[in-house]
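Note on naming: letters A, B, ... go to the chains in the order of the sequence lines (proteins, then strands), and numbering restarts at 1 for each one.
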There are 2 protein chains.
Amino acid sequence: MSEPTARTARTKTKPRPRDRQATRRAILFAAKEVLAESGFQEFGVNTVARRAGCDKQLIYRYYGGLEGLVDAIGGELGFWVRDSLRPIAALGPPSSYAELMERLALGFLEALREDPLVQRIVAWEIAAPSPEVQRLATSRSRGLVGWIAEMRGDLAPPEGLDAPAVNAVLVAAIQLLVVAAASTGQFAGLRLKTEKDWERVRAALRILIAAAYA
Amino acid sequence: MSEPTARTARTKTKPRPRDRQATRRAILFAAKEVLAESGFQEFGVNTVARRAGCDKQLIYRYYGGLEGLVDAIGGELGFWVRDSLRPIAALGPPSSYAELMERLALGFLEALREDPLVQRIVAWEIAAPSPEVQRLATSRSRGLVGWIAEMRGDLAPPEGLDAPAVNAVLVAAIQLLVVAAASTGQFAGLRLKTEKDWERVRAALRILIAAAYA
DNA sequence: ACTACATATCACCAATCGGTGACATACAGC
DNA sequence: GCTGTATGTCACCGATTGGTGATATGTAGT
């Protein structure tokens, strides 16, 4: 066989420019895209490499595999809570613990609604408690709790009220409602599509918060 | 080759007794087991067939594939809400809407905590909104909403309060807390392991409900 | 006893997965 | 110009997946 050997045909696809940092970034970007658009079910070396337009081998070389890639995403997300709630801080100091919690809850709701990537990660944490994903969860949790503590200042919840428990309930509700809205558009018979629908949710949250922390 | 043909070796494994109904039941039972124990990630024809101790072909024959199997599970779960909240009804008529909602919320919490299968299905609905799973969600939603309406009788929520929205928030919180507890044992910095942890959650729910419906 | 059918199992398929070793090629240092 | 190394691509591996056609076998009806 004097026809072109396998190696001769090697030049079918243009190789990427040889820029290690750019390739690393491309992979990370593709990973976040895949996760945000298709969820963790599609998340794998093959899919990410295809999306990034490079060979999957590079994922192993530059991130040591999927786990390292997830960690890299987690690293970028470490400050998500802080960044997304920054506008809340700009409103000036709240006058009461109730007002603080209302701002935080509604701000968290909006921030989560606008970020499909974090939505997917939340869903991932719920559905597939693998160790690497757990780290994402705990780091985000810590960020949230720490942020609340920081904003709180010297404001104190009413005497005898278990604020961490109440806040966990509120955060849980917000997370599930947003994720359910993204995937099914409704929850427990409540439509979650139009802005009017969300106004009902916000009103309910306001009532609950005001009542609990009154 | 006069050695045993492939077909001669066919009798390695004992075939199941030829009982169509029993086999159908075994498959459905195995499917629920797999789902409850390992979650939807492991849920597939191969796994279920292995668990049921039969050939996967039978899943296609008797249920028309995975979708039909999921539908069968959904059919059995149609009355889950009603069944699991039956003890609540036995307590006698509530004296107020607030008391009704408190009973329902706490009853729903306990029922969900005790049923890993439904927990997995909830997680499934959240993470992988495929059409067949959606049907499970909506049927359960309808069951819940209908049950509330039925129990409510002539009790009415306070004037001007958006009860469906408030209830959706509460149900969402309960669902996510239970699922998070099952998978990670904590949520938003709140431990969810011991009965004492859960008592904090129940107390928080009681406060929120009482305050909102006062 | 013989046939027809329902039941169950097996054997294989193409596709996809995560993972790895071999090869190609651009570029930097000598 | 030659060589070594970093970067990128390809080709393959074994395992697993959902899916199907062919085959064996128990059982009921004649």
Starting at atom CZ of B:Phe43, determine the distance to atom P of D:dT17, rounded to an integer number of angstrom. 13 Å
Taking only Lys NZ, Arg NE, NH1 and NH2, and the carboxylate oxygens of Asp or Glu, determine whether A:Glu37 and A:Lys32 approach each other closer than 4.0 Å. no
Between A:Asp55 (side chain only) and A:Leu58 (backbone N and O only), is there a donor and an acceptor less than 3.5 Å apart? no
Any donor-acceptor pair under 3.5 Å from A:Thr47 side chain to A:Glu42 backbone: yes
Nearest to the B:Arg16 side chain among C:dA8, C:dC17, C:dA26, which nucleotide is it? C:dA8
Considering only NZ, NE, NH1 and NH2 on the basic side and carboxylate oxygens on the acidic side, decide whether B:Arg202 and B:Glu110 come within less than 4.0 Å. yes
Between residues 55-73 of chain A and DNA chain D, which residues have a heavy-atom gap below 4.0 Å? A:Asp55, A:Gln57, A:Leu58, A:Arg61, A:Tyr62
In whole Å, I'd like the distance from the CD atom of A:Gln41 to the C1' atom of C:dG18. 17 Å
Remember a base hit wins even if backbone is also touched, and classify A:Arg18 as base, sugar-phosphate or nothing at under 4.0 Å, heavy atoms. base
Given atom CZ of B:Arg20 and atom P of C:dC5, what is their separation to the nearest angstrom? 16 Å
Starting the side chain at C-beta, find the nucleotide from D:dG18, C:dG18, C:dT9 nearest to B:Pro15. C:dT9
So if I take residues 22-38 of chain A and measure heavy-atom distances to DNA chain C, which residues fall below 4.0 Å? none
Between P of D:dT9 and CG of A:Asn46, the distance in whole Å: 15 Å
One thing to verify: whether A:Arg86 and A:Asp83 come together as a salt bridge, which I'm taking to mean a side-chain N less than 4.0 angstrom from a carboxylate O. yes
cation_pi(A:Arg24, A:Tyr63) dist<6.0 Å, angle<=45: yes
Give me the one residue out of B:Arg120, B:Gln134, B:Arg140 that meets side-chain hydrogen bond (donor to acceptor under 3.5 Å, both in side chains) with B:Glu125. B:Arg140
Does the plane of the ring in A:Phe108 sit parallel, tilted or perpendicular to the ring in A:Trp80? Use 30° and 60° as the thresholds. perpendicular
